[in-house]
Number of protein chains: 2
Amino acid sequence: MNITAAKEILKTHVSKVTTLTEEQFDYIFSHFQYQQYKKGQTIITEGTPVNCEYFVLSGCLKSFFINDELKMFILQFAMPTWWTSDYNALYSRNKATVNVDCITDAEVLCLSNEDREKLCREIHHVEYFFRWRTNKGYVASQKRLLSFMNNNVRYRYEELMALYPELYNIVPKNLIAAYLGVSRETLSRLYTPEK
Amino acid sequence: MNITAAKEILKTHVSKVTTLTEEQFDYIFSHFQYQQYKKGQTIITEGTPVNCEYFVLSGCLKSFFINDELKMFILQFAMPTWWTSDYNALYSRNKATVNVDCITDAEVLCLSNEDREKLCREIHHVEYFFRWRTNKGYVASQKRLLSFMNNNVRYRYEELMALYPELYNIVPKNLIAAYLGVSRETLSRLYTPEK
DNA sequence: TTGCAGATGTGATGTAGATCACGTGATGGC
DNA sequence: GCCATCACGTGATCTACATCACATCTGCAA
């Protein structure tokens with residue numbers, strides 16, 4: 001993908017939420033850095049500082065946490081036009097507690113914390129955009145929490161597949177299980193009849 | 001509590017995040033409506049439209065969901081200086097799927113969706129404040145989700161009590177259980193030795 | 001006073017999902 | 001083209017928590 005195509009994707013995404021002049025958008029875009037990653041590559045590593053958030057252009061990322069028993073929990077998948085980072089670390093300027101890596105080859109646009117805050121200060125519409133985006137994330141997170149408390153694995157699996165059918169082909173089942181907070185064995189048994 | 005005291009609480013809260021002139025804050029405050037509620041009173045009812053979000057001055061609220069089997073799940077407690085509403089309904093202008101009511105007598109400041117958006121448009125620092133606040137909520141929600149997947153009930157109970165010890169005295173155990181996503185019986189048995 | 005509703009504890013039993021163990025087939029690096 | 005690794009399925013067993021049932025205690029309203 002060339003830079004022009006990347007710019008177009010971001011522009012389309014942002015335009016759905018707020019309006020910017022050509023010059024404003026050019027200025028904003030100049031703060032983003034285009035990056036390419038290979039499948040399996042790590043973008044954010046637990047224990048290291050976090051400087052950027054990432055806008056996905058192509059491919060699929062995951063943000064995940066590994067507990068003491070080395071069990072993995074997936075906080076979020078990130079498909080094209082999604083944003084991801086370790087937001088806790090990013091805003092509090094702590095070291096990452098979460099990892100981000102690539103499920104497939106991926107292209108992203110990277111925006112530093114300082115540049116985001118600068119752009120938010122300089123351009124009111126950018127501040128609006130990020131408020132909107134964070135709000136969407138918050139509502140989605142609350143919904144997921146509720147579904148976690150309320151529904152069993154099977155229901156949550158079907159809910160996820162209905163919402164993001166593209167995950168079915170791209171993401172291996174053990175990662176789906178780690179997102180649903182269930183063992184891969186249980187996920188595998190969901191549709192086997194009782195004996 | 002008189003209006004002056006209420007105003008001071010909101011002002012202190014907002015000042016921790018952004019700076020406003022006296023006139024700006026007076027203007028902002030004029031959009032809030034002071035309200036008093038009795039213990040047990042309902043503020044937001046499932047199935048009805050939602051127009052406002054609520055800043056808690058005193059007392060304790062809960063936002064909760066009731067599923068088909070009449071089981072209650074608590075999304076959030078709201079103590080003084082916390083904000084609460086059905087944000088999904090509020091932003092998407094749908095009817096509420098969540099209820100909010102009073103665990104104790106409570107005083108709140110109420111801000112309508114329209115007024116919040118108007119203030120955000122008019123005063124850049126207000127937009128900044130709400131972006132900050134939503135971001136904090138998002139990060140907290142992600143943390144809770146992670147704790148849900150990673151930790152057992154006992155750990156989550158101790159985590160909650162460590163974070164908000166005041167809940168221990170104010171909130172009955174069946175509501176704590178509904179927040180932790182566990183039955184009240186299991187919560188009650190947490191510290192009984194194995195027989 | 002009486003009596004009712006809410007808050008809490010606790011025994012007995014049921015169950016969803018975890019864990020451990022093992023197998024097969026696919027795949028990708030060298 | 002070989003071999004290690006990963007993805008996925010499946011049986012046996014274990015366990016945390018749910019559910020149902022019942023008891024106690026408390027505060028409060030008629």
Side-chain angles (χ1 to χ4, degrees), chain A residues 37-42 60 62 64-74 77 101-105 146-161 167-195, chain B residues 38-42 60 62 64-74 77 101-105 145-161 167-195:
Chain A
Y37 291 95
K38 287 280 167 202
K39 175 174 176 175
Q41 249 189 300
T42 295
C60 183
K62 67 176 191 285
F64 61 101
F65 173 80
I66 307 272
N67 77 1
D68 302 338
E69 293 100 44
L70 300 184
K71 208 163 138 182
M72 174 196 297
F73 300 95
I74 293 182
F77 294 112
D101 71 11
C102 301
I103 296 177
T104 66
D105 290 359
L146 201 51
S147 186
F148 222 95
M149 295 201 278
N150 195 9
N151 304 124
N152 64 15
V153 181
R154 181 155 171 177
Y155 187 94
R156 277 164 21 229
Y157 176 70
E158 288 175 0
E159 191 175 49
L160 180 67
M161 288 301 118
L167 290 179
Y168 188 85
N169 301 308
I170 297 175
V171 180
K173 296 274 167 96
N174 61 327
L175 297 185
I176 301 279
Y179 179 89
L180 296 174
V182 81
S183 70
R184 61 161 201 87
E185 292 94 330
T186 297
L187 183 64
S188 161
R189 272 189 268 257
L190 279 187
Y191 294 98
T192 54
E194 311 289 307
K195 71 167 175 214
Chain B
K38 287 280 167 202
K39 176 176 174 173
Q41 250 189 298
T42 294
C60 182
K62 68 176 191 282
F64 61 101
F65 173 80
I66 307 274
N67 76 1
D68 301 339
E69 293 101 44
L70 301 183
K71 207 163 138 180
M72 174 197 296
F73 300 95
I74 292 181
F77 294 113
D101 71 11
C102 300
I103 295 178
T104 67
D105 290 359
L145 192 60
L146 201 51
S147 185
F148 223 95
M149 295 201 277
N150 195 10
N151 304 123
N152 64 15
V153 180
R154 183 157 169 175
Y155 188 94
R156 277 166 18 231
Y157 176 70
E158 287 174 2
E159 192 175 49
L160 180 67
M161 288 302 118
L167 291 178
Y168 189 86
N169 301 309
I170 297 174
V171 179
K173 297 274 167 96
N174 60 328
L175 297 186
I176 301 280
Y179 180 88
L180 296 174
V182 80
S183 71
R184 61 161 201 86
E185 292 94 330
T186 297
L187 184 63
S188 161
R189 272 189 267 256
L190 279 188
Y191 294 98
T192 53
E194 310 290 307
K195 70 168 173 213

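Naming: A, B, ... by sequence-line order, numbering from 1 per chain.
- Ring pair Phe73(A)/Phe64(A): centre-to-centre distance not below 6.0 Å.
- A salt bridge does not link Glu185(B) to Arg189(B): none of the charged nitrogens lies less than 4.0 Å from a carboxylate oxygen.
- Distances shown here put a side-chain N or O of Ser183(B) below 4.0 Å from the OP1 or OP2 atom of dA18(D).
- Asn151(B) places no side-chain N or O within 3.5 Å of a backbone atom of Tyr155(B) that could act as its donor or acceptor partner.
- When distances are taken from the side chain of Val182(A) to each of dC8(D), dA18(D), dA18(C), the shortest belongs to dA18(C).
- Straight-line distance from the OH atom of Tyr191(B) to the P atom of dT10(C): 15 Å, rounded to whole Å.
- For the pair Ile103(A) CD1 and dA7(D) C1', the computed distance is 14 Å after rounding to whole Å.
- Among the protein residues, Gly40(B) comes within range of no part of the nucleic acid, since none of its heavy atoms lies under 4.0 Å from any strand.
- Atom CE of Met72(A) and atom CG of Asn150(B) lie 13.0 Å apart (nearest 0.5 Å).
- Summarising the geometry, the separation between CG on Leu187(A) and P on dA7(D) is reported as 13 Å, rounded to the nearest angstrom.
- Counting atom types as modelled, Arg154(A) pairs no side-chain N or O with a base atom of dG17(C) as donor and acceptor under 3.5 Å.
- Distance CE (Met72(B)) to C1' (dG6(C)): 13 Å, rounded to an integer number of Å.
- Between the side chain of Glu185(B) and the base of dC20(D) there is at least one donor-acceptor pair of N/O atoms closer than 3.5 Å.
- Closest contact between the side chain of Ser188(A) and the listed nucleotides dG9(D), dG17(C), dT8(C) involves dG9(D).
- Asn174(B) has a side-chain polar atom (N or O) that falls below the 4.0 Å cut-off from OP1 or OP2 of dA7(C).
- Atom C1' of nucleotide dC25(D) and atom NZ of Lys173(B) are separated by 15 Å, given to the nearest angstrom.
- Between dC17(D), dA7(C), dC20(D), one nucleotide has an atom nearer to the side chain of Arg189(B) than all others, and that is dC20(D).
- Side-chain contact between Ile176(A) and Met161(A): present, with at least one pair of heavy atoms (C-beta onward) separated by less than 4.5 Å.
- Not a single donor-acceptor pair, N or O on each side, falls under 3.5 Å between the base of dG6(C) and the side chain of Arg184(B).
- The nearest whole Å value for the distance from the OH atom in Tyr155(A) to the P atom in dG17(C) is 14 Å.
- Rounded to an integer number of Å, the gap from Leu190(B) CG to dT10(C) P is 12 Å.
- The NZ atom of Lys39(B) sits 12 Å away from the P atom of dG27(D) (whole-angstrom rounding).
- At a threshold of 4.0 angstrom between heavy atoms, the contacts of Lys71(A) are confined to the sugar-phosphate backbone, with no base atom among them.
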